[in-house]
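Structure, as structure tokens:
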Amino acid sequence: MKKLTSAPYLLWMAIFVVVPLFMVAYFAFTDQSGAFTLENIIKTGQYTPIFVKSIAFAAISTAICLLLAYPLSYILSTMKVSYQGTMLLIIMLPMWMNFLLRTYAWQTLLGNNGIINNLLGVIGIGPFKLLNTNGAVILGMVYDYIPFMILPLYTVMAKIDKSIIEAAEDLGCSRIQSIIKITVPLSIPGIISGITMVFVPAISTFIISKMLGGSSNLLIGDLIEMQFLGNSYNPNLGAGIAFVLMIIILIVMAVINLIDKSDSDDKVLM
Amino acid sequence: MKKIIALFSAFAVCVSLAGCGTGTNEAALDVSGMDTEYYSQLSDKGVELNVANWGEYISDGSEGSVDVIAEFEKLTGIKVNYTTYATNEELYAKMRAGAADYDIIIPSDYMISKLHNEGMLQDIDFGKIPNYENIDDKYKNLEFDPENKYSVPYFWGTVGLIYDKNQITDDNFGWEILWDEKYADNLLMFDNPRDAFAIAQNILGQSLNSSDEAELRAAADKLREQKPLVQAYVMDEVFDKMAASEAAVAPYYAGDAVTLMDENEHLGFVIPKSGTNLFVDSICIPKTSKNIDAASMFINFLLEPEIGLANTDAVGYSTPNKNTFELLDDDVKNNGISYLDDDFLNNHTEAFSVLPDEADKLMSELWTSIRSGE
């Protein structure tokens with residue numbers, strides 16, 4: 001019975017996840033005529049600086065998301081239950097709008113003649129170069145992806161049994177100690193899934209860097225997009241780059257999961 | 001249970017919202033001059049037509065203009081699925097990927113010959129397009145279609161420099177301004193290889209159709225040298241950025257410049273005297289089309305003088321349709337941008353032709369390396 005009910009999902013996964021992965025691999029290891037080649041993978045080496053930059057941007061954005069989202073999720077989870085829903089709604093509200101539009105809005109905010117610089121101009125400072133900078137790209141990533149960090153963190157924290165914290169405080173833990181010794185270790189699964197959900201889309205984003213990054217902020221996602229949608233049409237190279245990127249993400253995820261495991265071994269639970 | 005009902009009703013709301021169409025406000029179009037019998041041939045057959053066009057390249061009913069697609073649908077009963085693309089290369093990629101089965105495409109010159117060389121276009125039966133006679137002979141027998149077999153000119157134009165009059169007061173400049181340190185981080189550049197290379201090639205005195213490896217590499221070096229000065233590589237984003245004075249100067253197509261200048265008095269346009277690229281965008285029917293009669297009818301409709309006028313007013317490009325040209329206002333005919341004198345057109349403009357595969361590949365690779373370099 002269990003097998004029968006899972007069949008549609010397995011079929012779905014096979015058609016829309018496994019087959020496309022094999023297609024990426026196929027294109028990555030063939031040339032335009034379909035013959036086997038390693039050239040696409042080797043050529044990817046030329047773009048090492050872009051890989052490094054993309055990974056750095058994604059890592060920085062993920063770290064900022066975590067730093068901002070963690071206290072917020074904690075505060076949220078300790079609020080009165082009736083407020084929590086409303087607060088969550090407010091956090092999710094911007095996500096109801098298409099993310100392209102939200103990124104586009106930053107263009108008008110950050111531009112040389114944008115709203116921020118105009119306001120600064122009124123009090124006599126600026127204009128500052130805000131748009132087309134590294135900072136703008138990271139800001140865009142943080143802004144677009146932070147809900148994906150808040151949601152898993154909040155969900156995990158809301159589920160922590162309050163009696164454990166009360167017990168810790170009864171036994172003489174201060175508030176800070178109970179956060180460090182109880183809440184943080186117990187929320188690690190949320191941290192892990194939050195990092196995954198922010199890091200993976202951030203590392204492969206292309207539109208944020210394109211809209212906010214200017215001429216020198218080409219990221220790996222832009223490079224892949226260029227190979228497929230036009231400007232320099234070479235789907236084999238595009239698949240090669242995508243393939244290498246997948247392997248990098250896989251390694252990063254494996255490392256993160258390793259941390260998760262080693263942590264859960266010496267968990268503080270009684 | 002309550003939750004399930006709530007979920008279900010939320011879903012129902014979504015579905016019913018999706019079902020509601022948005023109302024259109026149609027501008028009046030006089031169809032009395034058109035052959036309604038010809039256009040009603042397919043009215044009851046439930047035909048759908050897949051049209052792919054450049055963005056901002058048709059009169060779409062905004063600001064009280066004629067909604068050309070809606071008028072066509074009303075007149076013929078054919079349903080049009082309209083999609084847009086931003087560059088010739090994007091259109092090519094979509095067609096090569098096999099994901100799109102277009103009935104009508106409107107690529108530029110060099111892309112037309114590339115598509116034709118690769119057997120992706122079909123010959124057009126001009127017997128089904130009586131309005132073809134409206135096309136001025138100047139725009140027939142062009143390099144990319146020497147025997148007029150597979151393309152119908154839609155618009156033509158040139159490339160020039162849009163500039164912000166508040167930041168650049170003297171309009172006596174050429175392509176070199178895009179390498180001027182004074183405008184570092186204050187200039188925009190084409191985000192497609194062919195147009196970007198053409199500017200470098202013009203400065204270096206090369207042919208815009210050079211397939212010589214050394215020449216292409218020299219042009220690439222020129223573009224690489226320019227990169228630190230470039231604020232952003234853009235296509236249609238030019239509209240917003242120049243309108244908001246985000247940059248001082250940007251190369252773009254003359255037709256779009258006319259549209260932009262209509263709405264923004266602080267913008268000007270210069271066609272460099274050293275010469276420029278002349279492009280012709282033509283309507284073609286891909287081999288994959290199954291609705292050739294409907295496609296021919298659509299082409300014929302676009303060639304109606306009034307439809308041509310509506311499109312010309314809306315997009316600002318130059319029309320190859322002589323009957324449409326007659327209908328234009330004098331200030332459009334003589335604005336110095338849209339319709340240039342024959343001497344300049346003959347001696348200082350060059351149309352793109354398709355590059356040999358090797359050169360095309362080299363240009364793509366060079367472009368990727370320019371864009372991805374530090």
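Both backbone and side-chain heavy atoms feed into the values below; hydrogens, waters and symmetry mates do not. Chain naming here is simple, since letters A, B, ... match the order of the sequence lines and numbering starts at 1 in each.
Neither the backbone nor the side chain of Gln46(A) comes within contact range of chain B; no heavy atoms are under 4.5 Å apart. Only the side chain of Asp240(B) comes within contact range of chain A, judged by heavy atoms closer than 4.5 Å. Proximity to chain B (any heavy atom under 4.5 Å) is shown, for Asn113(A), by both the backbone and the side chain. Contacts of Arg194(B) with chain A are absent, with no heavy-atom separation under 4.5 Å from either backbone or side chain. Residue contact with chain B, scored on non-hydrogen atoms closer than 4.5 Å, involves the side chain of Leu131(A) exclusively.
With 3.5 Å as the limit, one finds no donor-acceptor pair spanning the side chains of Lys114(B) and Asn88(B). Checked by atom type, the side-chain pair Asp164(B)/Ser245(B) shows a donor-acceptor distance below 3.5 Å. Residues Tyr92(B) and Glu118(B) bring a donor and an acceptor atom of their side chains to less than 3.5 Å of each other. Counted by atom type alone, Tyr252(B) and Asp195(B) present zero donor-acceptor pairs between their side chains at under 3.5 Å.
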Open item on the list: Run Lys43(A) and Glu39(A) through salt bridge (Lys or Arg N to Asp or Glu O under 4.0 Å) and show every step you take.
Closed with: CA-CA 6 Å; Lys43(A) 264 194 188 161; Glu39(A) 200 195 343; 3.4 Å; yes

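Annotation: maximal heavy-atom pairing with chain A below 4.5 Å, among Ala244(B), Ala247(B), Ala232(B), occurs at Ala232(B).
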